[in-house]
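Single-structure report; data block below.
The figures that follow rest on heavy atoms only: side chains count, while hydrogens, waters and symmetry mates do not. Just so it is clear, the model here is predicted, and its values are computed rather than measured.
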Amino acid sequence: MKDFWSEHSKIIGKTILNQFGAAFFGIMLFFAAYSLKHIVWLPLLASLMAIAFYLYLIYMIMWEYGGQARIKFDGGRGPKKLTTGLLISLIANIPNLILAAAVLISEPLIKSADSFAGVVNTVGRAVALLWEGMYMGIVKTFAPHNPLIYLLMVFPALAVSAFAYYIGFSNRRLFGLIKKK
């Protein structure tokens, strides 16, 4: 694990930084859309746009990293490990998983807002919505009281990371139709 961290720490940090930027972008879009109260679907659309931007950032980083790993593999300087993208994303999403665990574990223990579990749940939800601000419109629209949504927010990033690394390693492009002439 120590070797994995030392080899991939730069890309893990870049992924976390991109999540922070996308969360900030998502929060700004959500509140701008939410201020127009007469257009009720706009916060959801703003959230979907922020999520698409976030997943695109992840895709581009992991595709490039998978391509670099392919070059190392072809040159005999690296192994063919197609699960690297998923592992990188799992490590980068540790804060999200901790927040989701805090919300999920404290939810059944809540008896009142004054209890320790109530405080953990409330703070966990608030921090999770700030840290994963691009999902704010989805949470508000579909699952404002469902604690499972905080765990489900992690899966798109994991799936995109694994997929992008794989097709980058395979030297294929998802956006290959858009080419410069």
Side-chain angles (χ1 to χ4, degrees), residues 1-30 44-104 127-139 142-143 148-181:
M1 186 65 172
K2 184 178 176 184
D3 294 335
F4 187 85
W5 175 259
S6 64
E7 185 178 345
H8 304 292
S9 63
K10 202 172 194 180
I11 194 77
I12 292 168
K14 193 183 268 190
T15 305
I16 292 171
L17 186 63
N18 279 341
Q19 180 177 348
F20 176 74
F24 186 71
F25 178 66
I27 290 168
M28 286 186 350
L29 277 180
F30 174 79
L44 178 61
L45 179 65
S47 183
L48 291 174
M49 288 174 47
I51 293 168
F53 176 68
Y54 169 58
L55 295 178
Y56 176 75
L57 288 175
I58 289 174
Y59 170 81
M60 293 306 295
I61 289 171
M62 294 309 291
W63 184 89
E64 182 180 341
Y65 201 65
Q68 291 171 357
R70 178 61 184 242
I71 292 170
K72 287 180 184 177
F73 174 72
D74 288 344
R77 295 178 289 131
K80 181 179 183 177
K81 289 184 117 182
L82 299 178
T83 58
T84 303
L86 180 62
L87 292 174
I88 288 170
S89 187
L90 273 172
I91 292 171
N93 279 293
I94 286 174
N96 302 339
L97 293 170
I98 290 171
L99 290 169
V103 171
L104 284 170
V127 172
L129 276 180
L130 287 175
W131 184 241
E132 300 168 311
M134 52 282 206
Y135 291 99
M136 202 173 274
I138 300 248
V139 171
F142 295 114
L148 193 59
I149 193 76
Y150 297 97
L151 181 63
L152 295 176
M153 286 189 246
V154 176
F155 290 111
L158 296 176
V160 168
S161 293
F163 176 72
Y165 185 86
Y166 174 76
I167 66 171
F169 193 88
S170 302
N171 200 21
R172 289 185 265 159
R173 290 184 177 266
L174 182 64
F175 301 111
L177 301 174
I178 305 170
K179 294 183 179 179
K180 291 183 181 180
K181 292 184 179 183

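Separating the CZ atom in Phe169 from the NZ atom in Lys81 is a distance of 11.5 Å, to the nearest 0.5 Å. How far OG1 of Thr15 is from CD1 of Ile91: 10.5 Å, rounded to the nearest 0.5 Å. Once rounded to the nearest 0.5 Å, the distance linking CG of Leu82 with OH of Tyr165 reads 7.0 Å. Distance check, rounded to the nearest 0.5 Å: CD1 of Ile51 to CE of Met136 gives 11.5 Å. Distance CD1/Ile61 to CG/Asn18: 3.5 Å, rounded to 0.5 Å. Put simply, OG on Ser161 and CG on Leu86 are 8.0 Å apart, with the number rounded to the nearest 0.5 Å.
Across every non-hydrogen atom of Leu44 and Gly137, the tightest pair is CD1-O, 4.2 Å. The two residues Met134 and Ala50 come nearest to each other via the heavy atoms CB-CB, 3.7 Å. The two residues Trp63 and Arg172 come nearest to each other via the heavy atoms NE1-O, 2.5 Å. The two residues Phe30 and Ala46 have their closest heavy-atom pair at N-CB, 4.3 Å. Across every non-hydrogen atom of Ala23 and Gly133, the tightest pair is CB-N, 3.5 Å. The two residues His8 and Tyr65 have their closest heavy-atom pair at ND1-OH, 2.6 Å.
Residues Phe142 and Ile149 fail the side-chain proximity criterion, which asks for heavy atoms closer than 4.5 Å. Residues Leu55 and Pro156 form a side-chain contact, since some pair of their non-hydrogen atoms from C-beta on lies under 4.5 Å apart. A 4.5 Å side-chain heavy-atom check between Met62 and Ile11 finds at least one atom pair inside the cut-off. Taking 4.5 Å as the limit, some side-chain heavy atom of Phe4 sits within range of a side-chain heavy atom of Ile88. In this structure, the side chains of Trp131 and Asn96 come closer than 4.5 Å at one or more pairs of heavy atoms. Residues Leu152 and Phe155 have side chains in contact (heavy-atom distance under 4.5 Å, counting atoms from C-beta outward). Residues Tyr135 and Leu129 are not in side-chain contact: their nearest non-hydrogen atoms beyond the backbone lie 4.5 Å or more apart. You'll find the side chain of Ile16 reaches within 4.5 Å of the side chain of Ile12, heavy atoms only.
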Starting from the C-alpha separation in whole Å, work towards a yes-or-no answer on side chain to side chain contact (heavy atoms under 4.5 Å, CB included) for Glu132 and Val154.
CA-CA 9 Å; Glu132 300 168 311; Val154 176; 4.2 Å; yes
Using side chain to side chain contact (heavy atoms under 4.5 Å, CB included), reason through Met153 and Val139 one step at a time and then give a plain yes or no.
CA-CA 9 Å; Met153 286 189 246; Val139 171; 3.8 Å; yes
Decide yes or no on side chain to side chain contact (heavy atoms under 4.5 Å, CB included) for Gln19 and Leu57, but give the supporting numbers first.
CA-CA 9 Å; Gln19 180 177 348; Leu57 288 175; over 6 Å; no
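Residue Phe25 places its CZ atom among more than 12 non-hydrogen atoms of other residues, nucleotides or ligands, all under 6.0 Å distant.
Each of Val160, Leu158, Ile58 was scored for a side chain to side chain contact (heavy atoms under 4.5 Å, CB included) with Ser89, with one residue passing: Leu158.
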